[in-house]
Amino acid sequence: MRLDPFGQSYSTDPATVWRHLLDSGERVAYDDELDMWLIAGHELARTVLADPRRFSSATTLTPMQDPHADAAAILARLDMPPVTLNADAPTHTRTRAALAAVLATTSLRTEQRWADLVRRHAEHFADHLAHHLAATPWPDVDLVELFASRLPLSVLLDILGIPADDMARIAAWADNFAALFWGRLDDDEQISAANGLLALWDFCRDIVVLRAGTHQDGQPTGLIGDLVRYRNGDDNRLTLPETSALVLTLLIAGWESTAAALTHALEYALSDRIRWARLAADGHYASIHTEETLRHSPAIDAVLRVTTTDVDLDGILIPAGSRCLVLIGAANHDPGVFEQPGTFQPGRARLGQHLSFGAGPHACLGAALARLYLSTALSILARRLPNLTRADGFAHRYRTSASMRQHTSLPATLGPARCPVAHGQLPLVGQS
Ligand code: HEM
């Protein structure tokens, strides 16, 4: 059984392939069709992620497959400097310090700073969805389009200090971004995604230059303002292009991943009335439901590294210059760490050891914010629409990608209202 990131069977059921790789004993294996080393297993994934000197992140934002010549020509015009995600030390250390200084990275600070803002946006989109359902005679809505995708982007723009009026064009530019790097697009789609990325880069450059200008006489707002103040005109701290690149990184790292994770969490919640009811009633359940979703179905289930030297990993020699796909999903399904890894069990033992936010020096800087988004959105939607349910005939369909597991849609509808809380059917956590 091969890992074919662009095939239907891996797309719809990656866990079977992860299990096969873990059980086969070949946890470090070269795939000649992909021209990549596949790294499976929790311990090995942690080892690679913790070792940026031998496993570089420089190619993280390089298309996995050679793009069409016209798309490549467009991408060649992208003069965005590497920062955080696709940078190695010392640039990585310096630019990560800048982001860490302006982002609230602990859960307490994230709560204090952004809980109200996230709640306000979640209520707005939950109301919007409720009105949409009420206005449709045979309600059957797509939760990806109307909720899971819009909410994280609108929160992110508010946090950054970008006007909400810009949301539609930013969404259009950034759509297919992930697929351009880690998916498979036809020639026209590649060209359109590359043009979108270029337009988004121009937008980020312009807004940073504008805000840096306002710094002279007024206080630029939002996280962009915070970055401009952090830079304080000192290129040794952060250049202006690096500031713009950090804004673009936040938009691409913080949007689609959170939207994808929220859709997974909604799918698991809506597949079981008791889970849905418990989300409305119990904030602790919302956080363990979120965490188990992240472990069981990581939105980013693989990350790319390239070796800077010959490396002996688990007794196997990986030559210098090799691309390595670190399978986060396989790490999260390693039976040596998680019992019955294929079962969805909120509150399970060792839940905190999943690698869905990466590990080591590149570990996700938005993890606390993403957790806040997910648990707030789930609680609010479950309270606002207690009889929401998955539409009949739901089938798993994902965008093809070697890294990001994104539903193409999540159709939902209103079912008969019968709340298990009101009927005394809500079991204790761990009983489901
Ligand atoms: C559920 C949602 C999210 C998931 C699953 C996720 C996952 C990840 C993963 C796996 C990495 C490591 C990448 C690597 O090692 O190559 C990462 C890095 C990063 N994430 Fe997230 N992320 C999420 C949400 C966010 C949010 C909301 C933000 C910010 C608003 C964010 C900002 C970043 C940044 C800046 C990095 C780069 C850190 C570095 O390279 O030092 N992420 N994320």
Side-chain angles (χ1 to χ4, degrees), residues 39 45-46 48-52 55-62 82-89 91-105 110 113-114 117-118 148-149 151-160 162 178 181-182 222-224 227 242 245-265 290-291 293-306 324-329 331-332 354-378 402-406:
I39 318 276
R46 282 197 78 93
V48 171
L49 295 176
D51 188 354
F55 293 92
S56 156
S57 287
T59 55
T60 294
L61 297 183
T62 307
V83 289
T84 56
L85 208 53
N86 61 336
D88 293 324
T91 303
H92 173 255
T93 324
R94 184 171 49 78
T95 52
R96 183 176 168 98
L99 261 196
V102 300
L103 265 175
T105 51
T110 304
R113 198 162 162 201
W114 287 317
L117 182 146
V118 172
S149 179
L151 171 65
L153 184 57
S154 95
V155 172
L156 208 50
L157 296 187
D158 202 351
I159 286 177
L160 283 163
I162 296 175
F181 290 101
W182 306 300
L223 223 60
I224 298 180
L227 279 171
E242 283 172 346
L246 286 177
V247 174
L248 191 139
T249 301
L250 284 176
L251 282 170
I252 57 185
W255 174 34
E256 288 203 82
S257 50
T258 314
L262 180 53
T263 314
H264 287 292
T290 295
E291 214 58 38
T293 302
L294 290 164
R295 181 205 67 84
H296 186 278
S297 301
I300 296 180
D301 58 28
V303 293
L304 194 64
R305 295 292 188 265
V306 61
C324 302
L325 198 60
V326 185
L327 298 170
I328 287 177
N332 288 359
H354 71 70
L355 299 183
S356 299
F357 289 117
H362 285 275
C364 179
L365 280 165
L369 181 58
R371 288 182 166 114
L372 177 70
Y373 272 127
L374 265 70
S375 52
T376 307
L378 291 168
S403 172
M404 196 175 281
R405 189 102 5 236
Q406 263 176 310

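FYI, the numbering just counts along the sequence from 1. Counting starts at 1 for both ligands and their atoms, in listed order. These numbers come from a predicted model, not from an experiment.
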The protein heavy atom nearest to atom 40 (O) of ligand 1 is His362 ND1, 2.7 Å

Ligand-residue contact atoms, ligand 1 with Ser356, heavy atoms, under 4.0 Å: 5 (C), 7 (C), 10 (C)

Tell me, which protein residue and heavy-atom name are nearest atom 36 (C) of ligand 1, and how many Å apart are they? Leu85 CD1, 4.0 Å

Below a 4.0 angstrom heavy-atom separation, can you tell me which part of Leu99, side chain or backbone, both or neither, approaches ligand 1? side chain

Report yes or no: does a heavy atom of Gly360 sit under 4.0 Å from some atom of ligand 1? no

Which ligand 1 atoms does Ala261 reach within 4.0 Å, using its non-hydrogen atoms? 1 (C)

Just need the protein heavy atom nearest to atom 14 (C) of ligand 1, so name the residue and atom and give the distance. Arg305 NH2, 3.5 Å

List the atom of Asp88, the atom of Ser57, and the distance in Å for their closest heavy-atom pair. OD1-N, 3.0 Å

What I'd like to find out is whether the side chain of Arg305 reaches to under 4.5 Å of the side chain of Asp51, using heavy atoms alone. no

Would you say Val303 and Thr60 make side-chain contact, with heavy atoms under 4.5 Å? no

Closer than 2.8 Å to atom 21 (Fe) of ligand 1 - protein N, O or S atoms, ordered by chain and residue number: Cys364 SG

Counting from 1 in the order shown, the ligand 1 atoms closer than 4.0 Å to a non-hydrogen atom of Leu156 are 30 (C)

Please determine if His92 has a nitrogen or oxygen closer than 3.5 Å to a nitrogen or oxygen of ligand 1. yes

Report yes or no: does Asn332 contribute a side-chain atom to a donor-acceptor pair with the main-chain N or O of Ser297 at less than 3.5 Å? no

Would you mind running through ligand 1 and noting each atom that sits below 4.0 Å from a heavy atom of Leu250? 29 (C), 30 (C)

Residue pair Ala261 / Leu374: nearest heavy atoms and the distance that separates them: CB-CD2, 3.9 Å

Is the shortest side-chain heavy-atom distance between His296 and His354 below 4.5 Å? no

Heavy-atom nearest pair, Tyr373 first then Pro152, reads OH-O, 3.2 Å

Does Arg94, at its CZ atom, have more than 12 non-hydrogen atoms belonging to other residues, nucleotides or ligands within less than 6.0 Å? yes

Are the side chains of His264 and Leu294 in touch, meaning some heavy atoms are under 4.5 Å apart? no

With a 4.0 Å heavy-atom cut-off (strictly under), which part of Arg96 contacts ligand 1: side chain, backbone, both or neither? side chain

Exactly one of Leu372, Asp158, Thr376 clears side chain to side chain contact (heavy atoms under 4.5 Å, CB included) with Leu117, and that residue is Asp158

Kindly indicate whether the side chain of Leu250, heavy atoms from C-beta on, has any atom under 4.5 Å from the side chain of Leu99. yes

Side chain of Thr258, backbone of Ala370: donor and acceptor closer than 3.5 Å? no

Should you measure from each heavy atom of Pro361, which atoms of ligand 1 turn up under 4.0 Å away? 41 (O)

Tell me, please: is Leu374 in heavy-atom contact with ligand 1, that is, under 4.0 Å? no

Interatomic distance, Leu61 atom CG to Trp182 atom CH2 [nearest 0.5 angstrom]: 6.0 Å

Please determine if Thr258 has a nitrogen or oxygen closer than 3.5 Å to a nitrogen or oxygen of ligand 1. no

